[in-house]
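Everything on this sheet refers to the single structure shown next.
Throughout, numbering of the chain's residues begins at 1 and tracks the sequence.
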Amino acid sequence: MPSELPLLVEVALKAAVVLAVFLTMPLALGQLEHKVMGHMQGRLGPMEAGPHGILQLVADGIKFVQKEDVTPAAADRPVFRLAPAVALIPYLVALAVIPFGAAWVAADVPGSLLLVLAVTSVGVIGTLMAGWGSGNKYSLLGGMRAGAQLVSYELPLVIAAASVAMAAGTLSLTGIVQEWSWWWLLWQAPAALVFLAASVAELQRTPFDAPIADSEVVFGPLTEYTGLRFAFFLLAEYAGMVVMALLFTVLFLGGWRGPWDEIAVVGVLWTLLKAAVVGVVFLWLRVAWPRVREDQLQRFAWLVLLPVALLQLAVTGVGVVVLQ
């Protein structure tokens, strides 16, 4: 952003760019999911909306706009109606502080890693509000599952991120990328696996989709939602995938670092390419793995991910002391 621009103009332009990215990248990932899953499972799916069906999400959006917005009679109306916004907005805030390049970040705050981890944790409150506010026992059960899942998987996710921050010596995402070295791919590999698994659980994606398991609790917290409010929850899911893929790229894959990264645009392309690969991994997990039971989900968090994350944090601490 040119430094000679007035502050208000600069802030407005950055906000507009972040909003544009926020509205386009989740849709692109959703379209990619449709096509990747279709080809992996050997099925064509909708092919009429645009070449190879690439405009299907546009058709889906038009469909959601036309649907009636229904609020159940037994619902807590303010909570029920506010829940989609609470689930969606935190990812917009997180996207504003994630760097796409050395100078391509809307708000380069000193503790950006802490900010991203904090605001992404708020998103699950929207799911809890949806479950409670719906006045439906299946929705409430799904909301409680979501809350329990957040408590279980937030700890290993934060510890895995703390391992990278300790290695870099900074809580700034931009600073972490600047300190990143290729051998971190091995040194921080256990933390990367923990972070990836915990991210999928935080997003309530398969195989950790027990809160919205349609065969058990109908559609969990989202059962009573229709129209645009339901679409906002779907957008929040894919926005969360985008944020987590970008955060994984920044923490473990070097962000914009790569050949010819001194060219700003090339650095941004490296970030997007790496994040796209991580996004495809999210999609592959949905296709390849069955849903785990609630007890298996909790056991995996507390008996596998948490010990590995703590061990990695200890190894990183020793490594930082030795290197210094």
Side-chain angles (χ1 to χ4, degrees), residues 25-26 29-30 32-33 36-37 40 91 94-95 98 113 116-117 119-121 123-124 146 149-168 173 176-177 180 182-211 236-255 257 270-292 296-313 315-316:
M25 289 188 65
L29 186 60
L32 181 64
E33 179 175 47
V36 168
M37 289 182 61
M40 292 181 71
Y91 295 117
L95 199 60
I98 295 179
L113 175 59
V116 172
L117 293 176
V119 298
T120 51
S121 300
V124 76
Q149 196 160 306
L150 170 70
V151 172
S152 300
Y153 283 87
E154 187 72 17
L155 191 56
L157 184 143
V158 170
I159 293 175
S163 175
V164 179
M166 181 185 294
L173 292 175
I176 289 174
V177 176
W180 183 86
W182 66 267
W183 51 273
W184 285 21
L185 294 172
L186 298 177
W187 187 27
Q188 298 298 322
L193 294 176
V194 170
F195 190 92
L196 184 66
S199 297
V200 176
E202 290 276 297
L203 297 170
Q204 301 166 37
R205 298 271 302 179
T206 308
F208 306 112
D209 61 338
E237 176 184 347
Y238 289 102
M241 291 172 62
V242 169
V243 168
M244 286 303 181
L246 288 170
L247 186 59
F248 185 92
T249 297
V250 169
L251 292 178
F252 299 102
L253 302 180
R257 301 282 293 275
W270 275 119
T271 301
L272 294 176
L273 178 61
K274 295 174 184 178
V277 173
V278 178
V280 170
V281 173
F282 286 151
L283 308 183
W284 169 73
L285 289 174
R286 177 177 178 178
V287 177
W289 290 81
R291 180 186 306 129
V292 299
Q296 294 171 332
L297 186 147
Q298 297 292 337
R299 188 180 302 114
F300 182 65
W302 293 103
L303 299 183
V304 179
L305 294 187
L306 183 59
V308 172
L310 289 172
L311 180 60
Q312 175 64 49
L313 189 66
V315 169
T316 301

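Taking CE from Met244 and CE from Met241, the interatomic distance works out to 11.5 Å, rounded to the nearest 0.5 Å. Atom OG1 of Thr271 and atom CG of Leu253 lie 10.0 Å apart (nearest 0.5 Å). Here the straight-line distance linking atom CG of Leu95 with atom CG of Leu247 works out to 11.0 Å at 0.5 Å rounding.
Taking each heavy atom of Ala94 and Thr120 in turn, the nearest pair found is CB-CG2, 4.2 Å. Pro207 approaches Pro290 most closely through the heavy-atom pair CB-O, 3.1 Å. Residues Val250 and Ile98 come closest through the heavy atom pair CG2-CG2, 4.2 Å. Contact record, Ala165 with Leu113: CB-CD2, 3.8 Å, taken as the closest heavy-atom pair. Across every non-hydrogen atom of Ala162 and Leu313, the tightest pair is C-CD1, 4.1 Å.
Under the salt bridge (charged side-chain N to carboxylate O under 4.0 Å, His left out) criterion, no residue pair touches residues 151-168, with sequence neighbours excluded. Evaluation of the side-chain hydrogen bond (donor to acceptor under 3.5 Å, both in side chains) test over residues 272-289, restricted to residues two or more places apart or in two chains, returns Glu33-Arg286. Among residue pairs with one or both ends in residues 189-203, none qualify as side-chain hydrogen bond (donor to acceptor under 3.5 Å, both in side chains); sequence neighbours excluded. Here salt bridge (charged side-chain N to carboxylate O under 4.0 Å, His left out) pairs that include residues 236-250, with residues two or more places apart or in two chains, are Arg205-Glu237.
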Let me check something: any side-chain donor-acceptor pairs from residues 182-191 under 3.5 Å, sequence neighbours excluded? List them with distances.
from, atom 1, to, atom 2, distance (Å)
Gln188, OE1, Ser163, OG, 2.6
Gln188, OE1, Gln312, NE2, 3.4
Gln188, NE2, Thr316, OG1, 3.2

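A search for ring pair (Phe, Tyr, Trp, His ring centres under 6.0 Å) contacts involving Tyr238 returns nothing, not counting sequence neighbours. Under the side-chain contact (heavy atoms from CB on, under 4.5 Å) criterion, Ala301 pairs with Ser152, Tyr153, not counting sequence neighbours. Applying the side-chain contact (heavy atoms from CB on, under 4.5 Å) test to Ala197 and every residue at least two apart in sequence or in another chain returns Phe300, Leu305. Not counting sequence neighbours, Tyr91 has no partner by the ring pair (Phe, Tyr, Trp, His ring centres under 6.0 Å) test. With sequence neighbours excluded, the residues forming a side-chain contact (heavy atoms from CB on, under 4.5 Å) with Val287 are Met37, Met40, Gln41, listed by chain and number. For the side-chain contact (heavy atoms from CB on, under 4.5 Å) test, residues two or more places apart in sequence or in another chain that qualify with Leu196 are Phe248, Val278, Val281, Phe282.
Residues Leu155 and Trp302 meet the side-chain proximity criterion, which asks for heavy atoms closer than 4.5 Å. Looking at Trp270 and Arg257, their side chains never come closer than 4.5 Å, going by heavy atoms from C-beta outward. Between Leu306 and Val194 the shortest side-chain heavy-atom distance does not fall below 4.5 Å.
Side-chain atoms of Gln149 come within 3.5 Å of backbone N or O of Ala201 as a donor-acceptor pair.
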